**Student:** 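Submitted below is the structure of interest, expressed as structure tokens.
Predicted model only: the values in this text are computed from it and were never measured. The residues of the chain are indexed from 1 along the displayed sequence.
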Amino acid sequence: MIKISKLFIPYIIILIIIGFSGGIMWDIIAVFTHEAVHYFTALKLGYYGYDLEIKPIGLNLKLKDIEDASFKEDLYISISGPLYNLIVYIIFYILFANYKLEVFQIIYFSNLSIFLFNIIPAFPLDGGRVLRDIIYLKRNYKKTVYISSNISIITGILFILIAIYIFTKGKNNISILILGVFLIYYAILERKRIVYFIMGDIIRKRYKFNKNKNIENRCLSIFYKCSLLDGAKLIDKNRYGLFYVLDDEMKFIGLVFEWEIIES
């Protein structure tokens, strides 16, 4: 299903008012093929069905079962789009260098722009997802989302400051200002949804276990004075938690299972 954000049309109107021009058709083609690469990468990994949302800052492909993906799979899917644009940029840059055709220049510039745009480390861009997947290698899921959303907010603020600086120099680039605002908006939205993500992950994990009849475990040692909330923060998205409870001298007291924390 294709959905158009209610903010998309006002954004296009603003671009027209300020005189947006260029190889827009090639930009659209580059964006759609970028999302197609995401889709076929996900398809290759076994994820089917999608929703395509047209947002003010681009297209957002939402795969229906993508939340079941491991962070490694999500990393492959997220990075595939920008990598495609980078490859196309290199190919057409070489072609332009040899044949000097304007269309080659437009295509390589469009793909370079989309590549640079999408590797910005902020939600909902690919760079934000890649950043989250990398942070997750060293952090628990909740901490990962908080860190990556903070970086997204900082990135948005930097874009707003850049726009203000450009205005002080007598130049008008409202697109940068709008980009900064939307990055902050989506980062805050991502943080607010974290509780729903965690509960949704638990439900999906149970479904996945019943389907596959097995699940990978994650064993952790935890201090006996830690609260249930502290334990809940350590629950992994894709693995079943086993918690060894230790006292002040790191002596074993007992074993707590993930289901006990959830039910409590």
Side-chain angles (χ1 to χ4, degrees), residues 1-15 31 34-35 38 50-64 66-69 71 74-75 77-79 81-82 114 116-167 173-204 229-230 232-238:
M1 181 174 66
I2 298 177
K3 297 186 294 183
I4 300 178
S5 170
K6 61 184 179 181
L7 300 172
F8 178 73
I9 301 301
Y11 179 69
I12 294 299
I13 293 173
I14 291 173
L15 290 180
V31 169
H34 170 102
E35 295 301 332
H38 281 312
Y50 68 92
D51 289 326
L52 185 64
E53 185 176 4
I54 303 175
K55 295 182 176 180
I57 57 173
L59 302 182
N60 185 23
L61 183 69
K62 295 182 178 180
L63 293 146
K64 293 178 181 178
I66 194 62
E67 296 303 331
D68 292 334
F71 276 84
D74 187 75
L75 178 61
I77 295 169
S78 299
I79 206 169
I114 293 169
L116 294 174
F117 175 70
N118 276 280
I119 61 171
I120 294 172
F123 293 117
L125 303 174
D126 295 327
R129 296 183 68 91
V130 170
L131 174 68
R132 185 190 64 185
D133 294 336
I134 293 173
I135 294 174
Y136 183 72
L137 297 173
K138 298 293 183 180
R139 304 281 183 170
N140 64 65
Y141 183 52
K142 186 173 182 179
K143 192 70 174 177
T144 294
V145 174
Y146 272 116
I147 294 174
S148 53
S149 61
N150 283 340
I151 293 175
S152 296
I153 291 171
I154 292 171
T155 303
I157 292 172
L158 287 175
F159 274 101
I160 291 174
L161 293 176
I162 290 171
I164 294 172
Y165 175 77
I166 292 174
F167 288 146
N173 198 327
I174 195 170
S175 296
I176 296 178
L177 179 63
I178 293 174
L179 174 61
V181 172
F182 276 108
L183 291 181
I184 294 173
Y185 169 75
Y186 284 115
I188 294 173
L189 188 64
E190 189 82 6
R191 176 177 290 186
K192 286 182 177 180
R193 294 167 58 194
I194 189 169
V195 175
Y196 302 102
F197 287 156
I198 292 173
M199 296 309 298
D201 289 338
I202 292 168
I203 294 171
R204 281 187 291 270
L229 183 58
D230 291 328
K233 291 177 182 178
L234 298 173
I235 292 176
D236 191 88
K237 177 183 178 182
N238 295 300

**Student:** Rounded to the nearest 0.5 Å, what separation is found between the CG atom of L158 and the CD1 atom of I153?
**Tutor:** 12.0 Å
**Student:** Nearest heavy-atom pair of I176 and F159: which atoms, and what distance?
**Tutor:** CG2-O, 3.2 Å
**Student:** So, do P82 and H38 sit near enough that their side-chain heavy atoms are less than 4.5 Å apart?
**Tutor:** yes
**Student:** Between I166 and L177, is any pair of side-chain heavy atoms under 4.5 Å apart?
**Tutor:** no
**Student:** Out of I147, I151, T155, which residue meets the side chain to side chain contact (heavy atoms under 4.5 Å, CB included) rule with L131?
**Tutor:** I151
**Student:** Nearest heavy-atom pair of G156 and L183: which atoms, and what distance?
**Tutor:** CA-CB, 4.0 Å
**Student:** Locate the shortest heavy-atom distance separating S78 from V130; write the atom from each residue and the value.
**Tutor:** CB-CG2, 3.8 Å
**Student:** Supply the atom-to-atom distance L179 CG to I184 CD1, rounded to the nearest 0.5 angstrom.
**Tutor:** 10.0 Å
**Student:** Would you call S148 and F123 a side-chain contact if the rule is heavy atoms closer than 4.5 Å?
**Tutor:** yes
**Student:** Taking the side chain as C-beta and beyond, is there a heavy-atom pair between I79 and D133 under 4.5 Å?
**Tutor:** no
**Student:** Of the non-hydrogen atoms in A122 and S152, which two are nearest, and what is the gap between them?
**Tutor:** CA-OG, 3.1 Å
**Student:** Within a reach of under 6.0 Å around CZ of F167, are more than 12 heavy atoms found that belong to other residues, nucleotides or ligands?
**Tutor:** yes
